[in-house]
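First comes the structure, then the notes that go with it.
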Amino acid sequence: MAHDSDLPCDGDGVCMVCKTKPSENESLLCKTCATPWHVTCLSAPPNSMADAVNWECPDCSLPPDVPRVAVKQNAAAASSSSGSDLIAAIRSIESDSSLTEQEKAKQRQELLSGSAKASNLEVVNTDNDVLNILDGSLNCSMCMQLPERPVTTPCGHNFCLKCFQKWIGQRKSTCANCRTPIPPKMASQPRINSALVIAIRMARTLRSGASGGTSKVAHFIHNQNRPDKAFTTERAKKSGKANACSGKIFVTIPGDHFGPISAENDPERNLGVLVGETWEDRFECRQWGAHFPHVAGIAGQSDYGAQSVALSGGYEDDEDHGEWFLYTGSGGRDLSGNKRTNKLQSFDQKFDKLNEALRVSCLKGYPVRVVRSHKEKRSSYAPEKGVRYDGVYRIEKCWRKAGKQGFKVCRYLFVRCDNEPAPWTSDEHGDRPRALPSVKELNGATDITERKGSPAWDYDEEKSCWIWKKAPPNSRKPIQCQNDDDGTKVRKVRSKKNTVSVKQRLLKEFSCLICREVMNLPLTTPCAHNFCKACLESAFAGQSFTRQRGEGRRTLRVQKNIMKCPSCPTDISDFLQNPQINRELMNVIESLQRQIEEENAGLNEDVDGGSDGKDEVPTEEAAETDKCVEDDKEGAKPITETETKQTNKRKRSGDIDDVSPKKSLDKPDVVHNLGEVDSAIPELLV
DNA sequence: CATGACAGGCTT
DNA sequence: AAGCCTGTCATG
């Protein structure tokens with residue numbers, strides 16, 4: 001079967017047989033080792049589409065006792081062990097009778113991609129099934145992998161954002177899975193299903209971290225208490241807080257601090273500002289130091305550098321690709337008089353002031369914090385509401401070029417370089433140095449600036465993370481001190497070891513945004529929110545899709561009723577006409593539930609016996625966790641253990657205050673994170 | 001419900 | 001003192 005002449009594509013994607021680079025259609029990925037092969041050069045190409053999907057390359061389909069002659073290039077590069085070690089490791093997988101074929105394939109794949117070491121194979125075994133539950137069910141039906149940046153069609157099918165966009169780019173207008181028409185809005189503006197992102201990443205993190213106790217927080221929705229001192233003017237107190245004083249700063253960094261904000265600068269929570277952390281508005285974002293100016297998009301000083309930028313759709317030339325984006329400088333607009341906005345440019349931008357500050361950060365290679373605002377409507381990577389911290393980026397190049405409006409604009413190429421994964425990716429690790437994207441508009445650009453020397457913030461191969469290679473610039477501002485002399489209570493975070501089952505933690509991620517319980521018959525709206533079918537339907541109970549106009553005097557054409565998604569302003573009336581269950585998601589939930597039940601039946605002689613073990617986590621940890629949430633809801637009022645247990649059950653349907661877009665000062669904190677919610681609890685001190 | 005007016009804080 | 005990728009309410 002396997003011919004000696006069969007060879008895969010090399011690291012550059014060039015077929016090692018015919019030496020050409022196969023087109024995407026002619027390239028076939030092995031299901032086991034994910035190596036690309038040139039279909040037309042195969043001695044035994046797959047016969048059908050179905051075969052192609054499950055195709056295993058000649059190297060991987062060899063019987064286990066046949067020694068691999070050639071170790072594939074990517075495997076060789078990834079594995080520091082010798083070829084014979086690799087083969088031995090593969091054999092040990094093959095001979096493990098406790099594994100299913102699928103699990104074996106998975107482990108072989110991990111071994112070859114370098115993500116597992118021979119020494120921790122046993123560890124991988126234990127929680128590997130958590131990932132497998134997702135892997136079997138949630139795979140993108142185009143690339144057959146767990147979706148990277150998952151998007152969900154209204155017909156309930158999940159794809160990678162990239163695969164989906166590629167599909168749409170081929171002028172396809174129906175779902176690749178079931179051929180249901182895709183609504184134009186979904187096609188042009190797919191939203192990332194962040195519940196899936198979290199779940200996939202969590203499964204991966206728990207798998208690779210084995211214990212799970214050390215996993216970092218990666219997604220965090222936050223609503224701190226409102227400022228101690230804010231709203232100085234009368235008008236600002238009432239409304240239009242755009243000009244309000246933005247209140248107390250919670251972090252202890254100076255205004256000209258570069259790079260991530262770490263735990264030691266966060267006396268409030270001792271966490272630091274986490275990637276994925278989301279605030280209601282620019283003022284709250286400012287209070288956590290991610291981006292200080294509350295109107296301007298750039299924070300910086302022309303003789304010093306720029307510390308942060310906001311992407312909020314203010315400049316039409318911006319272009320967002322997630323891990324990299326093209327940013328436009330400020331200025332060029334007539335803002336004389338009282339104007340804050342004027343979308344029209346009337347003169348060229350120059351590299352001065354804030355634009356120069358960005359250029360300094362480019363030249364020095366400083367990390368620049370990036371926040372994305374919901375106001376950036378054109379980007380799939382923007383949050384649906386509020387302002388989100390997305391980590392640090394480096395400005396690799398900048399230049400000037402005529403923008404869409406004809407006047408020159410300053411342009412910046414930002415590339416992500418953060419140790420934490422971006423909020424939209426289910427990948428469990430942060431950035432690696434990546435090749436610069438080719439930017440077409442550089443042709444004909446002027447004033448092109450590139451960094452000459454080595455960057456101050458760079459990737460350290462030994463430590464496998466991004467660090468300051470040169471000392472960060474000294475702050476020129478006095479460090480602001482926190483004064484807690486007003487008697488406000490300070491919360492400290494203490495870490496606690498995790499005892500909650502991995503599967504239970506994962507299951508909790510699949511909660512309905514209405515009832516807050518694990519979803520029953522999950523639906524995913526086109527705006528990427530997940531609900532129980534019953535909850536969503538009851539939210540619109542009694543409403544009809546259309547209404548008559550004109551009070552019956554004369555019959556006008558019927559008008560559609562707007563039906564807003566319970567957690568965002570999107571009109572989902574079309575979706576509600578024929579909502580399709582996200583069956584892939586449902587399968588995942590059901591198999592998690594089944595396995596948890598089995599575990600409980602096996603282990604649990606249960607003390608109080610009353611727990612259903614399904615959507616409640618029957619451990620002390622869970623009580624503590626909820627205590628944390630309740631605690632914040634109640635303000636700083638201490639809660640006794642018994643009270644906690646009583647309030648443990650969440651309020652039922654209708655309690656969706658914390659997902660409605662605009663809410664006020666007493667909004668409950670919604671803590672939604674990966675690891676810390678189970679491993680850390682707040683404590684009241686004085 | 002899209003567009004526009006505009007208030008009045010904070011940084012450069 | 002000029003400038004700013006806000007946020008809200010008032011319009012048709």
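None of the values given here were measured: they were computed from a predicted structure. To find a chain, count down the sequence lines: A is the first, B the second, and so on, and within it residues start at 1.
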Rounded distance (Å) that lies between atom P of dG3(C) and atom CD of E356(A)
18 Å
For S373(A), report the nucleic acid contact type (base, sugar-phosphate, nothing); a contact means any heavy atom under 4.0 Å.
nothing
For the residue pair T328(A) / D317(A), report whether a side-chain donor-acceptor contact shorter than 3.5 Å exists.
no
State whether the side chain of N355(A) and the backbone N or O of S330(A) hold a donor-acceptor pair below 3.5 Å, judged by distance alone.
yes
Determine which nucleotide pairs with dA2(B), using a 3.5 Å limit on both distances of a Watson-Crick or G-U wobble pair.
dT11(C)
When you measure from the side chain of R286(A), which nucleotide among dC5(C), dG7(C), dT11(B) comes out closest?
dT11(B)
Options dT6(C), dG9(B), dC5(C), nucleotide nearest the side-chain atoms of Y327(A):
dC5(C)
Verify whether one side chain among E148(A) and T425(A) offers a donor that lies under 3.5 Å from an acceptor in the other.
yes
Can R388(A) be said to sit on top of Y381(A)'s aromatic six-ring, NZ or CZ under 6.0 Å from centre and within 45° of the ring axis?
no
Has R451(A) got a side-chain atom pairing as donor or acceptor with L363(A)'s backbone, closer than 3.5 angstrom?
no
Q301(A) CD to dT12(B) P: how many Å, rounded?
5 Å
Expressed in angstrom and rounded to an integer, what is the separation of E284(A) atom CD from dG7(C) atom P?
11 Å
Spacing of E280(A) atom CD relative to dG7(C) atom P, expressed in whole Å:
9 Å
Within less than 4.0 Å of OP1 or OP2 of dG3(C), is there a side-chain N or O belonging to K353(A)?
no
Would you mind reading off the distance between R333(A) atom CZ and dA2(C) atom P, rounded to a whole angstrom?
20 Å
Can you tell me how far C1' of dC5(C) sits from OH of Y412(A), to the nearest Å?
14 Å
Expressed as a whole number of angstroms, how long is the span from K350(A):NZ to dA2(C):C1'?
14 Å
How close or far is atom P of dT12(B) from atom CZ of F292(A), stated in whole angstroms?
11 Å
Taking 4.0 Å as the cut-off, does a side-chain nitrogen or oxygen of S312(A) come that near to OP1 or OP2 on dT6(C)?
yes
